[in-house]
Amino acid sequence: MAAAAMVVTAAGGGDFSDLREIKKQLLNVAERSRERGLQHSGKWAAELAFALEPLPLNELPPPPELTEEDARDLDAYTLAKSYFDLKEYDRAAYFLQGCKSQKAYFLYMYSRYLSGEKKKDDETVDSLGPLEKGQVKNEALRELRVELSKKHKAQELDGFGLYLYGVVLRKLDLVKEAIDVFVEAAHVLPLHWGAWLELCNLITDKEMLKFLSLPDTWMKEFFLAHIYTELQLIEEALQKYQSLIDAGFSKSTYIISQIAVAYHNIRDIDKALSIFNELRKQDPYRIENMDTFSNLLYVRSMKPELSYLAHNLCEIDKYRVETCCVIGNYYSLRSQHEKAALYFQRALKLNPRYLGAWTLMGHEYMEMKNTSAAIQAYRHAIEVNKRDYRAWYGLGQTYEILKMPFYCLYYYRRAHQLRPNDSRMLVALGECYEKLNQLVEAKKCYWRAYAVGDVEKMALVKLAKLHEQLNESEQAAQCYIKYIQDIYSCGEVVEHLEVSTAFRYLAQYYFKCKLWDEASACAQKCCAFNDTREEGKALLRQILQLRNQGETSSTDVAAPFFLPASLSANNTPTRRVSPLNLSSVTP
Amino acid sequence: MASVHESLYFNPMLTNGVVHANVFGVRDWVTPHKMALLVLLSELGRAGPQLGLLERRRLNRLLLPLLQGPDMALSRLRKAIEECCPQLAGSVHIRLKLMAEGELKDMEQFFDDLSDSFSGTEPEVHKTSVVAAPDSPCSQQAFPSPGLFLRHMILAYNKLSFSQVYKLYTALQQYFQKDEKKDGADENEMELTNPEELDGKMEKEELDGPLRVFLTREEEIACSGPLSQKQAEYFLSQQASLLKNDETKALAPASLQKELNNLLKFNPDFAEAHYLSYLNSLRVQDVFSSTHSLLHYFDRLILTGAESKSNGDEGYGRSLRYAALNLAALHCRFGHYQQAELALQEAIRIAQESNDHVCLQHCLSWLYILEQKIFDSCVLLEHSVNKSLHFGLPYLASLGIQSLVQQRAFAGKAANKLMDALKDSDLLHWKHSLSELIDISIAQKTAIWRLYGRSTMALQQAQTLLSMNSLEAVNVGVQQNNTESFAVVLCHLAELHAEQGYFAAASEILKHLKERFPPNSQHAQLWMLFDQKIQFERAMNDGRYHVADSLVAGITALNSIEGVYRKAIVLKAQNQMSEAHKLLQKLLIHCQKIKNTEMVIRVLLSIAELYWRSSCHTIALPVLLQALALAREYSLQYLASETVLNLAFSQLILGIPEQALNILHMAIEPVLAHGAVLDKGCAMFLVAKCQVASAASYTPQKKIEALESAILNLNEAKTYFAKVDCKEQLRDILYFQARLFHTLGKTQERNKCAMLFRQLHQDLPAHGVPLINAFK
């Protein structure tokens, strides 16, 4: 208790001025977590402590002092802890009965909880019928809740005890109570990462976050950064992480990995990749987050790197969910989709709650043209997490492939609701509307996709083509101009097929408007592409002819051809756009 | 007129209210409740011969719902058995007690004995086997006999692993102990609630078997625990058929949803639950969750369809088509016609690609419904009917015929042809025993007769449907109680009664409607509209115009055209002529555009009335003639005769009473035969006036005769007006009669009339229009 009190008082303020103090606290809590069998929290604290400067001998925190009670329970505790480590939970609980000290009591309750969980898992395999499967419960939960709530009322629970109480409540689906208890746990023992992490899982939106009264400690910064990432508020998250790095945690692998994940979430692939590579250098045997890394490699089609990663991870531990996922991605990239699906299935066997695998499996089935299996996989993913936009998007794609554009609108809309600023959903929506001949809606979607930052750079071309169809040549030309500007400003090396189309249209447009200079410039550009070369030349000849007929040409080329002053000045799209108002009902 | 169809177009996923459940590997397993049933069965077999006939029958009726229903607490089960046969309940309890308080081997022994009962020379099972009552609604997908149940259970038991057997045994112990513990406390509570329950049960048992008893139970134990595959299927099909046929008996939307969520939590693969949840969301008009459930259902169905068919493609593509079709239906239901059209196009395209003519026919019917919102599309419909007949889809075909008849009736086609068509489609219905369509057909006939103004025929048809229902229940066992056709018929019945001045009866019928179709249910709007219309008429008759005015808003909300019309009538009655005229002109143009002929004629009549009220009879005449021509063309006989009355009145005022009398003879018969009481009164009053007017030129002798017959006619009119409580008209008649008596020199009678007139006149405010000039 004394140690706990010391730590609590020390962990004040959201400032990071005293890194030594923080390190002391971290080491202390890592030790205490380990004593209680909370390995993940211990690991987290230890990792973070490792990122800070080592302490000199005289400043090392003393081992936690033993109280009278601790001493009394020491033998039972030591025995039980060894049983606990050997996963003999019932046995551990038996020997801890009647222990009064906080540490022993926690271990007692915790082993009872884990024993219940273990039995539940075992029984799931062995239940009476399929409908009963969902009903297999951790029998111990109710008893634990009763006992813990008694202690809670009497205020005899320390931070760890509150954490366990919260976990029990959450398992009983008492979310509200659980949140309250976790908040309390965070107040009593802010250093315990587990409580924060549970809180992250229970908070579903920004509004909820606002109404929490959280302790004002430096741990809160970590928590906020983490939850911002979860809630897809990437910019805020990155800011937080940056400030943490500035405060002196630059070496923390945890923070680095979180930043990489954040970049992955906003599709900043290059940055994410470089950060992951850095992470791999610092922590070569790390398996966590490697599935995200492999996704990035997959998107970039970096076969050798992915292959290396897969083999490397397989060597470290082939029975980890992340490893299976990486291998699945690897096979998928090699177009061996059956094998990929197999590995994703294996990942799901290892952890049925690992939702990424369901979605990825759906993608694989899509590749194999097994649409029904794909739909099934996506539906599973949605069942695990309703907010999985990729699964919704995947479902939409599946129905689009089945040529049901109206039907898939619903799914794309769901995906769009979850990721309002993701251009891919918007483009997909636009395409569907285009297929349904609802061009007004389609235009809105494309424009919006462009406005929120188009990833694939296709929205403008599609928009331009729509305008072309509707004979709105002015707008079409503007879109093409913007498209060309976009492509050139990116300095993209990738050959864009539509550039030539854009130039061809512009050339013709200027030709019609009798703006000979611009027309000829565009036509010349056309000649640079294979498919439009002939047309470009023909147009050039025509222009020459018409010019000769008319007046003598003034051959000064002032502005860049694709930036006519009149058009380039205005019409830069504002990033802030009004909410997308599609006329259709959006259930 | 019945706008029956859009909700009733056939839903391929829900045949006869049964949701076709897919097949899973494990369908059933042993639970303590089922063990109790097994004990009951074996006891029944043992005690079989000693039981009385009555007890046996009661038990047999009890068994089926028990075998299929969800698990229930032991105490409840015991109660149920006790009601049938107390001694059996005792022995069942004792055997369970022995087993639960004994050892594991007792249970094992029990199952061994059970399986032995099959191997003997004369299996015990056969003695217990019960023939499922054919009229019981659960026989649709039932265990054919308890024997099968026994076999299922024995197989399921044999499949159990070591630890599972032990688990089952502990579950049995808990099951029994829970009952023991509760026994003391429960007894009192049961005692308290029982008496009424018992009464109910006795009569219910006579009425419709144990199902009803069971339903109340089900509500109580909702959300108690997981259902097995079989039980879940039974639950779903039962609720679905109740939703379709008798919504009030189904679980309330909230609790049904809760139950479904529970079901889905335990088995997310149970796709049909999603469909039921879709239907349930429709009940409460929830677009979001109904769309969600519908799509979820089809996502799930697509996978099971692919699995069950070996080639995969057929079942799978099929559900895709129907998915799109159902989505169209959903959007149509919520009035998103554009969305519905897009979805329908998609369904049609996919169906065409895969040459599915049946699906295409469904699509075509839906297309008609959608197009109907935009323009007349008889061609489409005719095509649909032909094709449906060709592909052997009687349901669609006759729905098509009915829609066609409805449209033709509005378009003023010859009545005999329409009735012929309906008769033909009736043949089709009876041949295929499509009871639902028979109902619709009768409802439609009622509506058509009403449209033509033949109230007696309409009354007869309405009564036919209402009394036919009781016949139906005996035969098929599917009691359709809250379909739209019933709502339509009952509404018409209420209005017919109100017209005849039987307001108490009408309000009784409306009260019944309210019970049968609670305000938030699908067809509730119908009776709401009729209710307000009847109230409106009453208020107008009484001269309480402010009340009528307040009702207009309600009517407008339910039917905007009707609302505007009524508003104009109120204005007219309040002598705000120019406003009324403006409103009516607008309404006229609108109705002519949407081809609502009935309303056009009514509006024309009102306009004419406005004209003659402002003493412009010459202008009123052409309007009336136009109305008359229209009414004749569309064979709306009742409106035609009303027009003739108006015409006669105008002629009377214009000074040609002989001519007026002539044409009155034409109209008076239909009015007296089919008209509302009010109209009868008006007609008789008018006749009397004409008689008096034309008597002016007669010889004195003849004149007296004419006046006397006029007085008689006035008496008749008076009785009619008294029925509907029209004091103003009564006052006018009394005045008129008094004058006539005065002319005839009958002072006593004159004084009597004058006195009555005086009484009434004091109650009523003075009329804005001179007495003799009012026709209505």
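Numbered from 1 within each chain, the chains take letters A, B, ... in sequence-line order.
Using a 4.0 Å cut-off between a side-chain N of Lys or Arg and a carboxylate O of Asp or Glu, A:E400 and A:K435 qualify as a salt bridge. Salt bridge A:E434/A:K462: absent, no basic N to carboxylate O contact under 4.0 Å. With respect to A:E177 and A:R145, no salt bridge is recorded, no charged nitrogen being found less than 4.0 Å from a carboxylate O.
For A:Y378, no part lies near chain B; criterion is any non-hydrogen pair under 4.5 Å. Only the side chain of B:E353 comes within less than 4.5 Å of a heavy atom of chain A; its backbone N, CA, C and O stay farther away. Interface remark: B:L342 contributes backbone and side-chain atoms alike to the contact with chain A (heavy atom separation under 4.5 Å). A:L395 touches chain B through its side chain: at least one heavy atom from C-beta onward sits under 4.5 Å away, while N, CA, C and O do not.
By the 6.0 Å contact criterion, OH on A:Y94 is open, its count of non-hydrogen atoms from other residues, nucleotides or ligands being 12 or less.
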